[in-house]
Amino acid sequence: MEYNFRDIEKKWQQYWKESNAYKVSNNSTKPKFYVLDMFPYPSGAGLHVGHPLGYIASDIYARFKRLKGFNVLHPMGFDSFGLPAEQYAMETGQHPAVTTEKNIRRYHEQLDNIGFCYDWSREVKTSDPSYYKWTQWIFLQLFDTWYNRHSQKAERIPNLVSIFEQEGNANHYCPGNERLIFTAQDWINYDEKSKEDILMHYRIAYSAFGEVNWCEALGTVLANDEVVNGVSERGGHPVVKKKMRQWYLRITEYADRLLQGLEQVDFSESMKDMQRNWIGKSQGAEITFHLTIKQQKELTDEPTLTVYTTRPDTIFGVDFMVLAPEHELVAKITSDEQKAEIDKYLEYVKSRSERERLAEVKQITGAFTGAYAINPFNGREIPVWISEYVLAGYGTGAIMAVPCGDQRDYAFAKYFNIPITNIIGDAYNGDEANPTKDAILQNSGFIDGMVMRNAIGVVIDELEKMGIGKRKVNYKMRDAGFSRQRYWGEPFPIVYKGGIAFPLNENQLPLELPYVDTYSAGPEGEGPLANLADWIAAPGGGTRETNTMPGYAGSSWYFLRYMDPNNDKVFVDRKAADYWGQVDLYIGGTEHAVGHLLYSRMWTKALYDLGFICFDEPYKKLVNQGMIQGASRFIYRITPNLSGEQQFETPGTTNKVLEAHPLYISKSYRDKIVAGEINIKDLFYKISAFSKNNLEIIELLGERLECKLNELHVDVSFVDGVELHVDSLRNSRPEYENALFLLEDGKVISQGVDFDEVNDKYICGAETEKMSKSKYNVVNPDEIVERFGADTFRMYEMFLGPVEQSKPWDTKGIEGVHRFLRKFWRLYVDELKGLILTNDAATPAELKVLHRAIKKIEDDTERFSFNTAVSAFMVCVNELNDLKCHKREVLEPLVILLAPYAPHISEELYQLLQASSTEKLEASSVLDAAFPKYEEKYLVESSKEYPISINGKVRANMNISLDAMQPEVEQIVLQNEIVQKWLDGKPPKKIIFVKGKMINVVI
RNA sequence: GCCCGGGUGGCGGAAUUGGUAGACGCAGCAGACUCAAAAUCUGCCGUUCGCAAGGAUGUGCUGGUUCGAUUCCAGUCCCGGGCACCA
């Protein structure tokens, strides 16, 4: 009986499916454990071997927890709305619903192939109306909600209305319009439209105007990464900023709680740092400056400029002001003299993406407005500039520039020859800015002589006294844009009547996405839905919102739906949500660090505030999986090269050259060409001896022949390690049919020669790159499972390295893991004799091997060190093999230990153990067996082989009792021959003894 | 540019708290079994000097702390991820 993984895996997958082995109940006396993978987007390319890395890790952990006695929720579903499906629809005309369904089916098959323990009865798809009904419903909750800064939680809009009716908004600062202040009487007098406009400034889900990247030529709005150097990535068409009505989520109101919440969750410090930096909380002051404007035009009111700064202590070092080019003041304050220059600059900025504006530091740009701000403390006139490095959305969209303390300001001042005031004495060296807070202030009026750090508060107090400034906490984070001008997303359950946005009633949900057959933008650049006049006209009058929701809408709450996926009364039953609670383990990539993770954390907080769930952080622990990169392979082609002259000189030359048989050379020849050791032309002559066509070309061109070397990606499926299988490549495409290959040891093979008969190799070049179709380095898990089995695939993915780290895929290495599983199998089963287990009592040595493995593997699994756990299995099996151990007492626990990693082989062996046993095993399936118990007593040692170092370098080893104390050890060590040799008669300076670790003799 | 992560043999990686650098596996080399191949098994395997014993050197680079540094500190180079409409 040999290890027939194909039969074994098929058999148990089917059995588990039929017996509902992975079905999870919401009622259990066992403790719960919730293991979740980040929501996959079902792309048309299917899964490649990089995708399942995290899924395997979470599957192992889920199975491990089940063995440890937990009721484990481990669901899977699909984030099936998204741009790629729509893009694909535009290219091929296939409806996104159709392609998405197809992709999901394929993902399903691929995932099942790997043997995951998902409870598929809980599968959710965000594009399914029964799911997005609730996404729309939650959106309406957020629409009907405002953030009460006093109670620090989301509350209902009607409650805000009654506050307004009683006291106006004096106690509830308006987050959407700071200057808005009204009394109860004002409120009562407002008309409906004004009231709704005001409420919109408070709602957590609100609409406002925002800028998008509009590409006229493509007729669509583009994502930032689709815009490169101000033009569209596809086609290079111009892209401009366009203001459009958009939906937003007021996530900024949650900024503080999102920060505080990080203290309660187990994410890596780096992940928390990324979120903290994104939120970007800073303390500082807003300062308002009076302006002097030199222009003819009369102004109705005297303009002032408000800046936000974290360093009010540097107020005397302000040498210029910088406004964001979009700042509303720019038009007002620009002097007639400077108008042309400012206009020219604004034109330039329009073409720049936000990222470019922030990233570009080498090239300094800006323009002077002609206006001056007045320093309130010394009356100095400060020139006001505009520059792209200041963004409108951050702070007040204006900064006070202190060149001696800020490097970007310094560079700007130098570039535009603005004189620099030094307020920090020796701390400023004149060559670069010094952002210190510890210098002593100089040239600083009333704060002269103070340490900067201490002056911050003093200046703010003074500003407040003067009524021109105030303390201010600022966040870099902005409200989240929540609408897309796209088709394939959730429609907004909103109808506009008379310019007012009205929500649909709950019983009108879901508002289903209508069918379309074209995906072009609406007349004003809105999404494709804007073209559907019938659909836009809502039954009760009014027009529908034509934007759709973004990708993160559905994924912000999906972890809740898994708890109660088929409920059509509520988004999740309260009892189910209380039972499952937080996700105990969440596995996914760092690319979601600030997007998805922050949004879903915010949604959870809002749902908590509104009383729907009892926890306000969704993910208790987060593990980030790295990426698996592709192992690209290259072949090297030599082709004759024609210069223009040659093409015309001899008629027919071009055609002749095009008929040349392509030549491919093995890697070492390419290396020699690159190193200049071989002449490329010589090589062409040499190989062309095998080709009549090429010989004719050589004759035709003679000395004028030029050759070039190309490096080409070759599909990795034709390569074993770095060896190319020439015949497979040759048969793959016509262009290779007549090719000649120069192999590593100098043989040349041409068409008709059977590569397998030739005792020589073609070696490919290798490089690690992102796994992608265009690089021909994609490896499909189905293929690997077919060749080696799911158990081998699972263990190999883990064996590659730490889950958190990125690493390249190497199909070659999988054989080691496959060999391990066969070796494991042979501990239990002999090819001829069948089961070879004995009931003999295990020896201490055997028990030691087993318990060392239990300890290591349990520890490693618990701390997600799956790669070292796989190594530990290998070590254990190697040792049991050496001991020729076939004892039930050792091998029965071992099979349970392996089950989370390789469930199929484990179940097969477990059932064989069961069938051959006189006693009944405790569980009917290895899935529900009890995790083996580690016992310390088998591992106790009485002595240790200590390494003996001389000055930190190991020179000898000595076996010394573990009870031995320092004096005794010193005595033993000094008697050692090698130690004596190094001491050379002199006494040691010191002997360091670390019990149980090492001994170091210092001489 | 800013934020985060990572650099250890030919390759993937190990070394859990500052204590024997290279576990485990791949590739390679030598051998056993075999008519042969596959499978399996045994041995070797960082670099360098040496017949050997043994020595020197070695965790991106430059310094520092320490009896002892892959591990801690400072600086620096290179690679990967994110930067708000890809998901």
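Basis for what follows: all heavy atoms, side chains included, without hydrogens, waters or symmetry-related copies. Order of the sequence lines fixes the chain letters, A, B, ..., with proteins taken first and strands second; residue numbering starts at 1 for each chain.
With a cut-off of 3.5 Å on both pairing distances, the Watson-Crick or G-U wobble partner of B/G1 is B/C83. Across the strands present, B/C33 finds no partner; the criterion is a Watson-Crick or G-U wobble pair with both atom distances under 3.5 angstrom. In this entry B/A56 has B/U47 as its Watson-Crick or G-U wobble partner, both defining distances falling under 3.5 Å. Base pairing annotation: B/A39 forms no Watson-Crick or G-U wobble pair, as no partner gives both donor-acceptor distances under 3.5 Å. The partner of B/G19 is B/C67, judged by Watson-Crick or G-U wobble contacts that both fall below 3.5 Å. The pairing partner recorded for B/G75 is B/C61, the criterion being a Watson-Crick or G-U wobble arrangement whose two distances lie under 3.5 angstrom.
Side chain A/Glu591 to base B/C86: no donor-acceptor pair is found below 3.5 Å. The base of B/C67 sits with one of its N or O atoms less than 3.5 Å from a complementary donor or acceptor on the side chain of A/Asn1000.
Contact annotation: A/Arg955 side-chain N/O to B/G55 OP1/OP2 distance is under 4.0 Å. For B/A84, neither phosphate oxygen OP1 nor OP2 lies less than 4.0 angstrom from any side-chain nitrogen or oxygen of A/Arg478. At the phosphate of B/A39, neither OP1 nor OP2 sits under 4.0 Å from any side-chain N or O atom of A/Arg826. Within the 4.0 Å cut-off from OP1 or OP2 of B/U40, not a single side-chain nitrogen or oxygen of A/Asn881 is found.
Rounded to whole angstrom, the span from the NE2 atom of A/His596 across to the P atom of B/A84 amounts to 18 Å. In this entry the distance linking CZ of A/Phe267 with P of B/G82 reads 19 Å, nearest Å. As rounded to whole Å, 17 Å separates atom P of B/G80 from atom CE of A/Met274. The separation between A/Met798 atom CE and B/C24 atom P is 21 Å, rounded to whole Å. The distance between atom CZ of A/Phe793 and atom C1' of B/G25, rounded to the nearest whole Å, is 17 Å. Distance CG (A/Leu597) to C1' (B/G81): 14 Å, rounded to an integer number of Å. Rounded to an integer number of Å, the gap from A/Phe820 CZ to B/A23 P is 18 Å. Atom P of nucleotide B/U66 and atom CD1 of A/Ile992 are separated by 13 Å, given to the nearest angstrom.
Rounded to whole Å, the separation between the P atoms of B/A15 and B/G7 comes to 12 Å. Only the C1' atoms considered, B/U59 is 15 Å distant from B/G18, to the nearest whole Å. Atom name C1', nucleotides B/G82 and B/C72: the rounded distance is 29 Å, in whole Å. Rounded to a whole angstrom, the distance from the C1' atom of B/C35 to that of B/G46 is 40 Å. On the P atoms, B/G22 is 25 Å away from B/C29, given to the nearest whole Å. Look at the P atom in both B/A23 and B/G10: the space between them is 14 Å, to the nearest Å. As rounded to the nearest Å, B/G60 and B/C26 have P atoms that lie 26 Å from one another. Taking atom C1' on both nucleotides, B/U70 is separated from B/U17 by 15 Å, rounded to a whole Å.
The six-membered or imidazole ring of A/Phe5 lies near that of A/His818, with a centre-to-centre distance under 6.0 Å.
Within 4.0 Å of A/Leu222, counting heavy atoms only, lie sugar-phosphate atoms of the nucleic acid but no base atom. A/Gly82 comes within 4.0 angstrom of sugar-phosphate atoms only, judged by non-hydrogen atoms across all strands, and of no base. The residue A/Asn867 sits close only to the backbone: its heavy atoms come under 4.0 Å of sugar-phosphate atoms, none of a base. Residue-level contact check: A/Arg276 touches neither bases nor backbone, having no heavy atom under 4.0 Å from any strand. If you check every strand for non-hydrogen atoms under 4.0 Å, A/Lys476 touches a base. Within 4.0 Å (heavy atoms only), A/Val221 reaches at least one base atom of the nucleic acid. Residue contacts for A/Trp488: at a heavy-atom cut-off of 4.0 Å it reaches no nucleic acid atom on any strand shown. Residue contacts for A/Pro802: at a heavy-atom cut-off of 4.0 Å it reaches the sugar-phosphate backbone alone, with no base atom in range. Within 4.0 Å of A/Leu800, counting heavy atoms only, lie sugar-phosphate atoms of the nucleic acid but no base atom. Across all strands, A/Gln485 comes closer than 4.0 Å to base atoms (heavy-atom distances). Within the nucleic acid shown, A/Asn213 has no heavy atom closer than 4.0 Å to any nucleic acid atom. Among the atoms of the strands shown, base atoms are found under 4.0 Å from some heavy atom of A/Lys856. Contact annotation for A/Ser483: base contact, defined as any heavy-atom pair under 4.0 Å involving a base atom. A/Val1001 comes within 4.0 angstrom of nothing in the nucleic acid, heavy atoms only.
Among B/G55, B/C67, B/C85, the nucleotide with an atom closest to any side-chain atom of A/Lys981 is B/G55. The side chain of A/Arg819 approaches B/U40 more closely than any other nucleotide in the set B/C24, B/A84, B/U40. Checked against B/C24, B/G5, B/C41, the side chain of A/Ser270 finds its nearest nucleotide in B/G5. When the nucleotides B/C85, B/U20, B/A27 are ranked by their closest atom to the side chain of A/Asn957, B/U20 comes out on top. Across B/U57, B/A87, B/G81, the shortest atom-to-atom separation from the side chain of A/Lys953 is found for B/U57. Side-chain proximity of A/Lys812 to the nucleotides B/G12, B/A27, B/G19 is greatest for B/A27. Of the candidates B/G13, B/G25, B/C41, the closest approach to any side-chain atom of A/Phe799 belongs to B/G25. Each of B/A39, B/G55, B/G81 was ranked by its minimum atom distance to the side chain of A/Thr590; first place goes to B/G81. When distances are taken from the side chain of A/Val994 to each of B/A27, B/G19, B/G12, the shortest belongs to B/G19. Among B/C41, B/G55, B/C85, the nucleotide with an atom closest to any side-chain atom of A/Trp982 is B/G55.
One side chain, A/Ser207 or A/Arg245, offers a donor N or O that lies under 3.5 Å from an acceptor on the other. With no hydrogens or angles considered, a side-chain donor-acceptor pair links A/Ser943 and A/Asn959 at under 3.5 Å. Looking only at atom types and distance, the side chain of A/Asn624 has no donor-acceptor partner in the side chain of A/Thr590 under 3.5 Å away.
Counting heavy atoms from C-beta outward, A/Ile992 and A/Ile999 have side chains that stay 4.5 Å or more apart.
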A/Phe81 vs A/Tyr132, ring-ring contact (aromatic ring centres under 6.0 Å, His included): CA-CA, chis, key distance, verdict: CA-CA 10 Å; A/Phe81 273 135; A/Tyr132 69 68; 5.6 Å; yes
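With A/Tyr3 as reference, A/Trp825 is the one residue of A/Phe820, A/Trp825, A/Phe788, A/Phe824 to meet the ring-ring contact (aromatic ring centres under 6.0 Å, His included) rule.
Within a 6.0 Å radius of CZ in A/Phe412, more than 12 heavy atoms belonging to other residues, nucleotides or ligands are found. Counted within 6.0 Å of NZ on A/Lys272, heavy atoms from surrounding residues, nucleotides or ligands total more than 12; the atom is thus considered enclosed. With a 6.0 Å radius and a threshold of 12 heavy atoms from other residues, nucleotides or ligands, A/Arg787 has its CZ atom at or below the threshold.
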